[in-house]
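Each chain gets a letter, A, B and so on, in the order the sequences are listed, and its residues count up from 1. No hydrogens, no waters, no symmetry mates; every other heavy atom, side chains included, goes into these values.
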Amino acid sequence: MIKRKIAVYLKKAVKIKDFEMEVFIPEKDDFGHYSTNVALKLAKLSQQSPMLIAEEIKNALSLVIAKDFFQKIEVAKPGFINFWISKKVLQSELKEILKKKEKYGAENKKKEKIQVEFISANPTGPLTLANGRGGFFGDVLSNILEFCGYKVEREYYVNDTGNQILTLGKSILANAGIIDSEENFYKGSYVKNWAKKNSAIIKKYKNNSLKLGQAAAKDFLKNIKQAVQKKSGIKFDRFTSEEKDIHQKSFIKKALKIFKSKKLTYEKDGALWLQTTKFGDEKDRVLITKDGFPTYFLADSGHFLETKTRGFKNKIMILGPDHHGYVRRAKAAAEILGLKNLQIIITQAMRLVKGGEEVKMSKRRGEFITFEELIKEVGADAARFFFLVHSADTHMDFDIDLARERSMKNPVYYVQYAAVRVNSIIKKLSNIKHQASRVDLGLLNTKEDLDLMRLLVCFPEAIESSAQSRNPQILARYSLDLARQFHNFYEKERIIGVQNDLVLARMELIKATQIIFKNLFSLLGINLPKKM
RNA sequence: GCGCCCGUAGCUCAACUGGACAGAGCGCUUGGCUUCGAACCAAGAGGUUGUGGGUUCAACUCCUGCCGGGCGCACCA
């Protein structure tokens with residue numbers, strides 16, 4: 001990884017401990033292929049002129065760098081040091097891509113276990129768009145972490161017991177006219193539809209709302225699994241059942257025991273409380289109600305304990321926007337129970353726009369577009385990519401008309417088209433045989449050749465920053481950049497029909513491009529079409 | 001009222017977590033297919049980054065006062 005190599009050189013040249021060598025790719029070509037601001041940072045510490053420090057670093061660098069690594073190093077205006085990479089470095093990196101293929105950019109060192117929990121929507125109805133957003137996010141983040149060497153478990157936590165399942169059962173009974181309806185009941189058409197098809201079950205459980213709710217939940221979960229795994233390619237390793245895996249295995253009792261043994265609980269107003277305020281929460285939380293029922297917070301604590309017991313120290317939870325008030329208390333519980341590293345990512349809300357106007361969505365009232373409908377409407381790839389190019393914390397507008405109308409102009413097609421073009425060229429070249437060792441990559445000399453090479457070589461960097469910042473968006477954006485760069489190359493340079501040796505060199509370049517696209521598509525979970 | 005998130009081109013979003021002249025797509029105006037796929041490329045117009053102050057060599061980014069929006073604030077999940 002070139003960026004990392006430069007950072008190492010800087011470290012050798014500067015010789016200051018614990019100082020981060022920040023290297024970035026500047027936006028303008030005049031500022032080099034890579035650049036650093038270390039001199040500016042150091043100037044602050046040492047009270048010297050940044051330009052002077054930059055010059056000193058530049059001189060010190062000349063003693064430690066491998067020859068032929070840089071083409072040019074320049075000190076610029078306020079105190080930046082700009083680097084131009086030599087072509088040889090690019091050429092050898094290109095060979096690296098061709099050699100490592102689908103493993104290029106991957107970490108071969110094995111890292112620790114990490115659990116990614118996402119979607120985890122209650123099985124009380126179909127998935128919403130927000131669920132889908134979190135679903136794609138979690139799926140791709142898991143892919144990326146796996147690529148980086150982590151042992152990832154993708155978990156869907158199913159709340160298949162408790163109050164909301166009871167409410168679901170009651171909602172069905174109310175729908176069938178057996179009991180009176182209440183404000184907080186589920187009223188969507190999916191409740192009606194289920195009731196219509198299952199009158200026998202309703203009759204059987206008309207005096208047991210929980211059992212009825214569970215029966216319905218089972219069906220809803222089946223549909224969710226279908227929508228997620230079959231229709232949108234989101235993978236899970238484990239559907240953890242609250243009832244079977246947490247309650248029945250008495251993790252709730254165990255969690256409670258730990259809370260008590262650490263003397264962090266107390267009784268008040270007949271309920272049992274946990275002192276989450278000691279861990280930064282704004283108020284303490286109830287574990288057991290005065291009626292003796294465990295709260296959902298306690299059940300989740302049991303879940304954390306269960307995860308820890310199965311050997312996880314790291315967990316990432318991807319939650320919807322309505323759960324941000326929950327973050328502090330979840331972290332508090334995880335900390336107490338010894339689940340060392342819990343990271344919570346909140347995906348922000350979306351506004352659904354239709355005909356230029358906002359459509360208010362409400363799951364309880366049953367007014368919303370389901371995730372499944374979206375997939376059916378615009379296709380899994382388009383929906384996936386659309387969500388992925390937006391960062392988790394933008395409150396994005398989702399214009400359903402626009403999604404339909406422009407479905408063929410969705411950014412995903414731009415990327416797919418580039419990859420398809422690559423493949424079709426390679427197909428045309430398939431009859432040319434040659435020995436890779438005899439190809440002279442030094443012939444790749446035009447601006448387009450070099451720009452493309454330079455971007456290909458950034459793939460590992462995109463992976464790394466995507467993984468570190470837990471942000472799949474970076475990778476999605478990179479794929480757009482690469483597509484643009486390739487379309488550009490395609491327009492200006494030719495592969496077939498140039499002089500013989502150059503054909504061979506360009507062929508290698510195109511093959512490397514194909515490899516990177518393949519890697520990108522598999523990480524992003526997008527199909528690579530044969531034709532468009 | 002308190003807390004979290006957001007406000008960037010006509011619209012939808014970026015900006016490598018404090019870096020150099022704020023970038024893409026859509027839409028609009030123009031130009032490019034007798035050779036690898038035009039679902040593409042090139043050029044142009046379009047900005048006081050909601051707003052006032054502060055910190056810094058450097059602020060869309062950090063602090064702060066307002067304005068506007070979303071979402072939370074249960075012994076529900």
Proximity to the side chain of [X] - top-ranked nucleotide from [options]:
| X | options | value |
| --- | --- | --- |
| A:Asn82 | B:rA20, B:rG37, B:rC41 | B:rA20 |
| A:Tyr490 | B:rA39, B:rA38, B:rA20 | B:rA38 |
| A:Phe24 | B:rA20, B:rC75, B:rU35 | B:rA20 |
| A:Asp397 | B:rG37, B:rA77, B:rU12 | B:rU12 |
| A:Phe80 | B:rA20, B:rA42, B:rU12 | B:rA20 |
| A:Asp322 | B:rC6, B:rU17, B:rG72 | B:rG72 |
| A:Lys428 | B:rA77, B:rC36, B:rA14 | B:rC36 |

Quick one: does A:Ile57's side chain get under 4.5 Å of A:Ile53's, heavy atoms only?
yes
Measure the shortest side-chain to side-chain distance between A:Leu475 and A:Phe147 over non-hydrogen atoms and say whether it is less than 4.5 angstrom.
no
Over all strands shown, is [X] touching base, sugar-phosphate only, or nothing at heavy-atom distances under 4.0 angstrom?
| X | result |
| --- | --- |
| A:Arg328 | nothing |
| A:Arg494 | base |
| A:Lys530 | base |
| A:Val327 | nothing |
| A:Gln473 | sugar-phosphate |
| A:Glu242 | nothing |
| A:Arg477 | sugar-phosphate |
| A:Pro411 | nothing |
| A:Asn37 | base |
| A:Asp269 | base |

Does [N] have OP1 or OP2 sitting under 4.0 Å from an N or O in the side chain of [X]?
| X | N | value |
| --- | --- | --- |
| A:Tyr296 | B:rA77 | no |
| A:Tyr186 | B:rC76 | no |
| A:Thr394 | B:rC6 | no |
| A:Ser391 | B:rA14 | yes |

Given the structure, check if the side chain of [X] and the base of [N] hold any donor-acceptor pair shorter than 3.5 Å.
| X | N | answer |
| --- | --- | --- |
| A:His324 | B:rC71 | yes |
| A:Ser35 | B:rA20 | yes |
| A:His487 | B:rC41 | no |
| A:Glu27 | B:rG23 | no |

Those residues that, when tested against A:Glu27, pass salt bridge (Lys or Arg N to Asp or Glu O under 4.0 Å) (two or more places apart)
none
Classify the angle between the aromatic ring planes of [X] and [Y] as parallel (below 30°), tilted (30 to 60°) or perpendicular (above 60°).
| X | Y | result |
| --- | --- | --- |
| A:Phe459 | A:Tyr478 | tilted |
| A:Phe386 | A:Phe398 | perpendicular |
| A:Phe486 | A:Tyr490 | tilted |

Is it true that the side chains of A:Lys427 and A:Asn423 contain a donor and an acceptor less than 3.5 Å apart?
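No, no side-chain donor-acceptor pair sits under 3.5 Å.
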For A:His390 and A:Gln473, test the side chains for any donor-to-acceptor distance below 3.5 angstrom and give the result as yes or no.
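The answer is no; no qualifying pair exists.
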Using atom [atom1] of each nucleotide, how far apart are [N] and [M] to the nearest Å?
| N | M | atom1 | result |
| --- | --- | --- | --- |
| B:rA22 | B:rC66 | C1' | 25 Å |
| B:rA14 | B:rG7 | C1' | 15 Å |
| B:rC60 | B:rG18 | C1' | 11 Å |

Which of these, A:Glu306, A:Glu117, A:Glu155, sits in a side chain to side chain donor-acceptor pair (under 3.5 Å) with A:Thr240?
A:Glu155
Please report, rounded to the nearest Å, how far the P atom of B:rU12 is from the CZ atom of A:Arg351.
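The distance from CZ of A:Arg351 to P of B:rU12 comes to 8 Å, rounded to the nearest Å.
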So if I define the base as every atom that isn't primed, P, OP1 or OP2, how would nucleotides 54-60 of chain B read as a B/S/- string at a heavy-atom cutoff under 4.0 Å?
--SBB--
